[in-house]
Amino acid sequence: MSTFLSRLGRSSARHRLVVVGVWLAVFAGLAGILGVNGSGDSAPQTIPGSRASQALEVMNREFPAAQAPPENTLQLVFAPQDAEVTDPGISSQIDSVLAEAASLPGVESVSGPFAPDAPYTSPDGTLAVATLIYGDLSDDAQVTSYDAALALQESAPADLGLELGGNLVPLGAESGPGEVVGVLIAFLVLVLTFGSMRAAGANLLIAVFGVGVGLVGVLAYGSITPIGENSIILASMLGLAVGIDYSLFILSRFRTELRSGRSVEDSIARATGTAGTAVVFAGLTVIVALAALMVAGIDFVTEMGMAGAFGVLVAVLLSLTLLPVFMKTLGVKALSKKHRKDLAAGVVFDEDTTPKHGFVRRWGQAVVRRPVVSLVTGVLVLVVVALPMLSMKTAFNVPGGTDPESTERAAYTLILDELGGVQSPLIVLAEGDDVASSTTALEDQLTGMAGVAQVTPAEVSADGQTARITVIPTGGPIDDSTKDLVHQLREDADSISGIHLEVTGETAIGIDQDAALSDALVTYLVVIVLISLALLVLLFRSLLIPLVATLGFLLSVGASFGASVAVFQWGWLPALVNAPQGDPMLSLLPILLVGVLFGLAMDYQVFLVSRIKEMHDRGLTPKDAVVEGFSRSAPVLVAAATIMTVVFAGFATSTFSVAASIAFGLMVGVLADAFIVRLVLMPALLSLLGKSAWYMPRWLDKILPSVDVEGHAVEHASAPIAGDDEPSQTGDRDSLQGTHV
């Protein structure tokens, strides 16, 4: 592969206009598909195969005349302090507000709280709820209508305690200054790493263009088949981060080759053949990890994984084809001024003979000198950060909206406290040959169950074999009491002879979906661990290194989970996090973090340990090999992880809770894995293990194929690769002799 990639890099550099034209054509083609088909609809995040979903299908079939609730509604929740809603003064004020609400934009009717046939008030008279029913609204009309309702709520008399329940405007990601600041800091890190604004600009430009191609591609697919908004968020977030990192790895190697006296084209070929090979493997690892999300068997999770994988694939292809175009255009200007002066003076860089110094090398030496202290300290830090994970709670949806401080959540909580789970009822279906004769016994049984606040009379289907009963739980849809009630209903499904019960409704469906994602997380973790062990055994020809690397990955995942719980569930760092806090973690987040962090962890493991293995294969002692390999690979790894961190940190400042929670979890995971697991635990463990770290049974070594992930076949080739003897571009130095530095 390394030889093929070196030829690809050289060919791309020689045919710059063709490569640029092809990529522009790809972008234009995807944009054309999107333009013709439009943006398409957003796909719902549902799991159709759950028990509650199947029961819902039965209910819709047996009770086709059941009237579906209006799609566009808002609630006016009145909770006056120190008064009852039926007091003459309060009730007249409520009537005035409702009269004004009837004239709001888009309102078709108002359902008042005092209707004799269907009152919507609390038994103690402290709460009254009115419903505003809207017709079909365009996107702009939704915003206008909701803003008008908010204005009404704010202008209402303060003593009414009015809160506005519901939201007509679909929640979505909002871009903010954090993302821009993150990209700017990433650019600054690139400038400091390269010492050249041109090289830094080329690196960032490739990544940004890759995000554009990836997003247009995902949206073009979404114009044909509906996709969820989270897929778009993941594709952009991950595409930008890996796009910067992959170009960084290849550009760094290109600059090293230039400094060693090679021509521009030869440097491009060797950079894409060596570092490019590692990029391909790293990218494929991330793609495999994301594609493996399909083992969850959940459509929208698979969709997110595929969208993220497409973004990574675009980043890999751009780094192998379009980046050589930029490297050819930059030439020696990709180097800093000092390095260009050295090159012009005939001073050639040699990595093996250059005196070794610097902070990273001293760091590696310190870890190797005190491996036990380093190991214990690193593990202790990760365990402490991971501890909040023990109290992690998940929910498929957060009832009442994602912002605990919003008027929407306040309205939801007021109704829940006074009337129980009336906003999230359970629907119990009873099926049997003569279900009508058992409805009384069934209603009595349901009324006596723990967690039940109210049971409505049963409604029997036309054929007399199915009954539908609405059960109002005492708690909300994510309360433990409601979950226990659903489980108990299923355990007692056949307690009445000849009758079988199933429970459905939005609350039951949400509980099933949360459970399905939790089960999928366990399955996915097992798959990821097996993939990790297999890949690392193949790469490093070792049994112990894959084991400790995988354990390190699990520690970094635990730290990511723990920090996410502390910030988003416990409400820590409110001054730094703009997204709402205090809610359970979304069920989707853990499995998504595992997939993405696995791919990134394998990237760092490959780039770090492969250089250590190279030094060991040259005959260095285990500790010397760790120090030498660490000092050569860690600087680029630090730069890459820093860039990943600041990019994710930028997205973590979003006010959209899904985007912020994903980005924050990834940010902490990258910090933990790169700066603690790979830069502390791995060198410490390799130092302690010594030669046994590289033990491999002979029989296994013989049957495993050899994988040259660093492209050493190109790097150590004695004969020039095709094209080396051709004249180089004007200004290239084909053969520079001089002092090695």
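The figures here come from the full heavy-atom set of this structure, side chains too, leaving out hydrogens, waters and symmetry mates. In this chain, numbering begins with 1 at the start of the sequence shown.
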With rounding to the nearest 0.5 Å, note down the distance linking [atom1] in [X] to [atom2] in [Y].
{"X": "Leu137", "Y": "Asn72", "atom1": "CG", "atom2": "CG", "answer": "5.0 Å"}
{"X": "Tyr134", "Y": "Leu74", "atom1": "OH", "atom2": "CG", "answer": "4.5 Å"}
{"X": "Arg409", "Y": "Asn167", "atom1": "CZ", "atom2": "CG", "answer": "13.0 Å"}
{"X": "Phe300", "Y": "Leu293", "atom1": "CZ", "atom2": "CG", "answer": "11.0 Å"}
{"X": "Asp479", "Y": "Ile511", "atom1": "CG", "atom2": "CD1", "answer": "9.5 Å"}
{"X": "Leu429", "Y": "Leu56", "atom1": "CG", "atom2": "CG", "answer": "8.5 Å"}

If we only count heavy atoms from C-beta on, is the [X] to [Y] side-chain gap below 4.5 Å?
{"X": "Asp417", "Y": "Thr413", "answer": "yes"}
{"X": "Val596", "Y": "Leu290", "answer": "yes"}
{"X": "Leu589", "Y": "Thr394", "answer": "no"}
{"X": "Val218", "Y": "Ser236", "answer": "no"}
{"X": "Asp159", "Y": "Pro80", "answer": "no"}
{"X": "Ser481", "Y": "Thr474", "answer": "yes"}
{"X": "Met306", "Y": "Met294", "answer": "yes"}
{"X": "Leu76", "Y": "Val110", "answer": "no"}

Check the surroundings of atom [atom1] in [X]: do more than 12 heavy atoms from other residues, nucleotides or ligands lie under 6.0 Å from it?
{"X": "Tyr120", "atom1": "OH", "value": "yes"}
{"X": "Glu506", "atom1": "CD", "value": "no"}
{"X": "Asp124", "atom1": "CG", "value": "yes"}

Mind running side chain to side chain contact (heavy atoms under 4.5 Å, CB included) on Val557 and Leu593 for me, showing each step along the way? CA-CA 7 Å; Val557 168; Leu593 290 179; 6.0 Å; no
Using a 3.5 Å distance criterion without hydrogens, assess whether the side chain of [X] forms a donor-acceptor pair with backbone atoms of [Y].
{"X": "Ser145", "Y": "Gln142", "answer": "no"}
{"X": "Gln423", "Y": "Tyr412", "answer": "yes"}
{"X": "Thr482", "Y": "Ile478", "answer": "no"}
{"X": "Glu459", "Y": "Phe63", "answer": "no"}
{"X": "Ser103", "Y": "Glu100", "answer": "yes"}
{"X": "Ser92", "Y": "Pro88", "answer": "yes"}
{"X": "Ser50", "Y": "Ile509", "answer": "no"}
{"X": "Gln75", "Y": "Gly166", "answer": "no"}
{"X": "Ser587", "Y": "Asp514", "answer": "no"}
{"X": "Thr507", "Y": "Ser424", "answer": "yes"}

Please give me the minimum heavy-atom distance between [X] and [Y], naming the atom from each residue.
{"X": "Ala559", "Y": "Ala672", "result": "CB-CB, 4.0 Å"}
{"X": "Gln569", "Y": "Ser391", "result": "NE2-O, 2.8 Å"}
{"X": "Gly451", "Y": "Leu485", "result": "O-CD2, 3.7 Å"}
{"X": "Val211", "Y": "Gly239", "result": "CG2-C, 3.8 Å"}
{"X": "Val647", "Y": "Ala186", "result": "CG2-CB, 4.2 Å"}
{"X": "Leu588", "Y": "Leu517", "result": "N-CD1, 3.9 Å"}

For Glu502, give me all partners under salt bridge (charged side-chain N to carboxylate O under 4.0 Å, His left out), at least two apart in sequence or on another chain.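 Salt bridge (charged side-chain N to carboxylate O under 4.0 Å, His left out) list for Glu502, sorted by chain: Arg51.
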Dump the intermediate steps for side chain to side chain contact (heavy atoms under 4.5 Å, CB included) on Met644 and Val242, then the final yes or no. CA-CA 8 Å; Met644 282 267 193; Val242 301; 3.7 Å; yes
Could you list the residues that satisfy ring pair (Phe, Tyr, Trp, His ring centres under 6.0 Å) with Phe664, not counting sequence neighbours?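 Phe568.
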In chain order, what residues pass the side-chain hydrogen bond (donor to acceptor under 3.5 Å, both in side chains) check against Thr504, with sequence neighbours excluded?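 With neighbours one apart ignored, the set is empty.
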Derivation and outcome, side chain to side chain contact (heavy atoms under 4.5 Å, CB included), residues Leu597 and Asp673: CA-CA 8 Å; Leu597 288 177; Asp673 198 89; over 6 Å; no
For Ile185 and Thr642, run side chain to side chain contact (heavy atoms under 4.5 Å, CB included): C-alpha distance rounded to whole Å, both residues' side-chain angles, the deciding distance at 0.1 Å, then the answer. CA-CA 9 Å; Ile185 296 176; Thr642 301; over 6 Å; no
